[in-house]
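Keep in mind the model is a prediction, meaning the values are calculated, not measured. Order of the sequence lines fixes the chain letters, A, B, ..., with proteins taken first and strands second; residue numbering starts at 1 for each chain.
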2 protein chains.
Amino acid sequence: MERATISDVAQLAGVSQATVSRALRGVAKVSPETRLRVEQAANNLNFTLSKSASALASGKTMRVLLLVSGTLDRWFNSSVLQGAYDVLSPEGYDIIPSFVTNRAQLDHYFAELPKNRNADAIIVSSFTFTTELHDRMAAMGMPVIGLDSPSTDGFDASIAISNADGLKQSVHLLHSLGHRRLAFIRDYVPQDMVYSTTTRADCFASAIDALDAGLEYTILTAHTHVNTVEPEELAPELASLVLSSPLRPTGLVVETDELAVPLMKELRHQHMRFPEDMSIVGFDDAPISRVVDLTTIHQNPIELGHSAARKALSLMRGETLERSHEVQPTTLVLRDTTGRAPNVA
Amino acid sequence: MERATISDVAQLAGVSQATVSRALRGVAKVSPETRLRVEQAANNLNFTLSKSASALASGKTMRVLLLVSGTLDRWFNSSVLQGAYDVLSPEGYDIIPSFVTNRAQLDHYFAELPKNRNADAIIVSSFTFTTELHDRMAAMGMPVIGLDSPSTDGFDASIAISNADGLKQSVHLLHSLGHRRLAFIRDYVPQDMVYSTTTRADCFASAIDALDAGLEYTILTAHTHVNTVEPEELAPELASLVLSSPLRPTGLVVETDELAVPLMKELRHQHMRFPEDMSIVGFDDAPISRVVDLTTIHQNPIELGHSAARKALSLMRGETLERSHEVQPTTLVLRDTTGRAPNVA
DNA sequence: TTGTATGCGTTATCAC
DNA sequence: GTGATAACGCATACAA
């Protein structure tokens, strides 16, 4: 009843350890008959190769780390995981997910885990890095793939979306609908920020400046960080920020759908109608936005996961990527929460 | 620049490999001074233990498998993952998630992966098992923890929720609100069913029978399986099933919130008002249900993950659980989609 | 195509 | 409390 080892299989098949190893992995030259015999023997003994032993002997762990910012049960993160799984799993790789929510945890993660050959590559999602961290990653001795990172610095490869494009699309939409006073809504930005979504506010401002159409805008920030509470708990505060803003914005752009939805709900409680009184644009095209017919900027985190995983695969095989750093386009999804600006003073 | 091994550290610290191993793991007797010296040496060399080597030598892989039914980016599954992570990660365990969506994949999974000592335990979520699979699991040589499984058979431990209680609560609620004709809505149930949610229809029927209050009911099933399409694509079909049912139900109980939300939206397009014309109860209390104020049955998959992980931990340590198989209660969450039955013929 | 021999980096069992 | 040393189960030159 003890689990069998490779030599048990070898013995039963009447061949050497080495041949069993070759046959089972389908590499090198093994005659069809031998292969068959080995496979049958392995089957009889209920045998599969030990990952630990293989890893030790070969130097490849067949594991890739996935580090995300924020908990694993968030839509974006779990979708990235699913995407990475889609391409890595068929190739025999295990994915080891983990997450951090602040700079301290991030530092600790990089200080502890990856000094060693405990994985063949790491995919790092949605972080803003310091140059110090870049150096540390570069010294890690394994490919580091960035996903949705503001910079490509320190990454061997990366896949990102263009927050700038997305925000530009939002701004242009609202502008063309006649809105002249816009607001960007976001949650609290920690000093030790690690989230790349925080760059969206800057993109929003840049888009308006670049448009140069005389639009006024303001950036409204909640006091509480959304990761410490549920998004809907921020809604009252955000709503009051919007309604009490001296600018009286008619066009709202929100950092994420997750934030936009409860905000919109709260504003409706305050008798604001969308899009008659106000227009609102989210970001992400998360499933929730379809439910409430929210106009938003589409991105596909599963695809990001695919892309990052493919880059990881190539890098692990020692190939050189023709395009190390790529950017996925974002698209504007028009639904029911945007319309012509109201005729107000 | 080559990564250091334990002997490099030993040399630098002026001790033996064995002592380094003991010191770094904080086990057995090592004098404080020695420990300090070793730790400094390890730090200087940027050294951490190799998981592969440790696993091979010790026989413990420090890995636990998490097998879920359905993709990893679904709310329930990613929450379970997060929960398991919360308790396993601090203990030094890696979690290796994977998923299957049908019986064939499930069989393949069990045929391939776990014959071997590639993990110390496995958590299996939301499956309906055949006795054959039970036997296979029992023979796997590692603790098997069930999560949300209809039966405790074949599991060394398990944590579940009471679907029966939840459905009973739904039925009683609708009954006490005066509803006399109920319908249970679900998506297509594959022949080779692996999802435990499919048992909910049975619970619904049993609850009505047990109530014995003369309620009439019907069970409405979509033709397409929700895993092959987006939930909202099923909405039109489900809505027409509801509205064309000869029973003319006024109280709807839906298998999951994920299904209830688009159904309700579609029914509203058909001029049904909730709860004036109809009442609807979901199941899960997924975040989406809060957004649309759906009355539903609450469960907490993160807690399930915690519980399963704790059981796994104990089992891996060779402890005997005082309560191997536990059931978490479900609670009814009243929101805005349920009300008194309409006064119709 | 197949077999032999060595090493991968730890842990654990002994001694001391 | 610490140091040798033999496993652990496999991959891979190198031979044959």
Side-chain angles (χ1 to χ4, degrees), chain A residues 2-39 41-42 45-63 92 114-120 141 316, chain B residues 2-39 41-42 45-63 92 94 114-120 141 316 318:
Chain A
E2 289 301 302
R3 65 182 181 284
T5 77
I6 201 172
S7 14
D8 298 328
V9 178
Q11 203 171 342
L12 205 162
V15 295
S16 72
Q17 279 188 26
T19 301
V20 174
S21 173
R22 287 184 282 245
L24 257 30
R25 287 179 301 151
V27 328
K29 274 83 184 42
V30 177
S31 76
E33 315 87 68
T34 311
R35 182 181 308 270
L36 190 65
R37 229 165 357 124
V38 169
E39 279 166 355
L45 280 75
N46 218 27
F47 170 87
T48 52
L49 294 169
S50 152
K51 288 221 176 200
S52 301
S54 299
L56 187 53
S58 69
K60 348 221 79 295
T61 64
M62 299 306 281
R63 269 171 263 154
K115 288 173 187 171
N116 211 309
R117 257 221 167 298
N118 284 327
D120 298 335
M316 289 187 290
Chain B
E2 289 303 300
R3 63 183 182 285
T5 78
I6 201 172
S7 17
D8 298 328
V9 179
Q11 202 170 344
L12 206 162
V15 295
S16 72
Q17 284 187 21
T19 300
V20 174
S21 175
R22 286 185 283 246
L24 257 30
R25 287 181 300 154
V27 16
K29 274 84 185 43
V30 177
S31 76
E33 315 88 69
T34 312
R35 181 181 308 270
L36 190 64
R37 228 162 1 120
V38 170
E39 278 165 356
L45 278 71
N46 218 27
F47 169 88
T48 52
L49 294 170
S50 152
K51 289 220 177 199
S52 302
S54 301
L56 187 54
S58 68
K60 344 220 89 288
T61 65
M62 298 307 280
R63 270 172 263 156
D94 286 335
K115 288 175 189 170
N116 210 309
R117 261 225 164 296
N118 284 327
D120 298 335
M316 289 186 292

inquiry  = For the backbone of B:Lys29 and the side chain of B:Arg22, can you confirm whether one donor and one acceptor N or O come within less than 3.5 Å of each other?
reply    = no
request  = Have a look at B:Thr34 and say if it touches a base, only the backbone sugar-phosphate, or nothing, with a 4.0 Å heavy-atom cut-off.
outcome  = sugar-phosphate
task = Report the distance from atom CG of A:Leu24 to atom P of D:dC10, rounded to the nearest whole Å.
result = 9 Å
key: Rounded interatomic separation in angstrom, taking CG from B:Asn118 and P from D:dC8   = 17 Å
ask   = Of the candidate nucleotides D:dA4, C:dG9, D:dC10, which contains the atom at the shortest distance from the side chain of B:Ala18?
value = D:dA4
query = For B:Ser21 and C:dT10, is the shortest distance between a side-chain N/O and OP1 or OP2 below 4.0 Å?
reply = no
message = Once hydrogens and angles are ignored, does a donor-acceptor distance under 3.5 Å link the base of D:dG3 to the side chain of B:Arg22?
response = yes
task = Give the rounded distance in Å between these two atoms: CG of B:Asp120 and P of D:dC8.
result = 18 Å
ask   = Taking OP1 and OP2 of C:dT10, is either one under 4.0 Å from a side-chain nitrogen or oxygen of B:Ser58?
value = no
remark   = note: B:Arg37, atom CZ; D:dT2, atom P; distance rounded to Å ~ 8 Å
ask   = Which part of the nucleic acid, if any, lies within reach of A:Val20 when heavy atoms closer than 4.0 Å are counted: base, sugar-phosphate only, or nothing?
value = nothing
ask   = DNA chain D: B:Gln17 or A:Ala55, which has the more 5' nearest nucleotide?
value = B:Gln17
ask   = Do A:Arg37 and A:Thr19 have side-chain atoms, one donor and one acceptor, less than 3.5 Å apart?
value = no
task = Give a yes/no answer on whether the side chain of A:Ser16 brings an N or O atom under 4.0 Å of OP1 or OP2 in C:dT2.
result = no
query = For A:Lys51 and C:dG9, what is the distance between atoms NZ and C1' respectively, to the nearest whole Å?
reply = 19 Å
note = One should read off an interatomic distance between B:Lys60 NZ and B:Ser58 OG, to the nearest 0.5 angstrom, of 6.5 Å
message = Expressed as a whole number of angstroms, how long is the span from A:Ile6:CD1 to C:dT4:P?
response = 14 Å
query = Is the backbone of A:Ala23 close enough, under 3.5 Å, to the side chain of A:Arg35 for a donor and an acceptor to pair up by distance?
reply = yes
message = Check B:Asp94 with B:Lys51, please: is the shortest side-chain N to carboxylate O separation under 4.0 Å?
response = yes
key: Atom pair distance, as rounded to whole Å: CZ in A:Arg35 and P in C:dT1   = 10 Å
message = Judged by each residue's nearest nucleotide on DNA chain D, which is more toward the 5′ side, B:Thr19 or B:Ala57?
response = B:Thr19
message = Heavy atoms from C-beta onward define the side chain here; which of D:dA11, C:dA12, C:dC8 lies closest to that of A:Leu56?
response = C:dC8
message = What's B:Arg25 touching, base or sugar-phosphate or nothing? Going by heavy atoms closer than 4.0 Å.
response = sugar-phosphate
ask   = Starting at CG of A:Leu49 and ending at C1' of D:dT12, how long is that distance when rounded to a whole Å?
value = 14 Å
query = Distance check: side-chain N/O of A:Ser31 vs OP1/OP2 of C:dT2, anything under 4.0 Å?
reply = yes
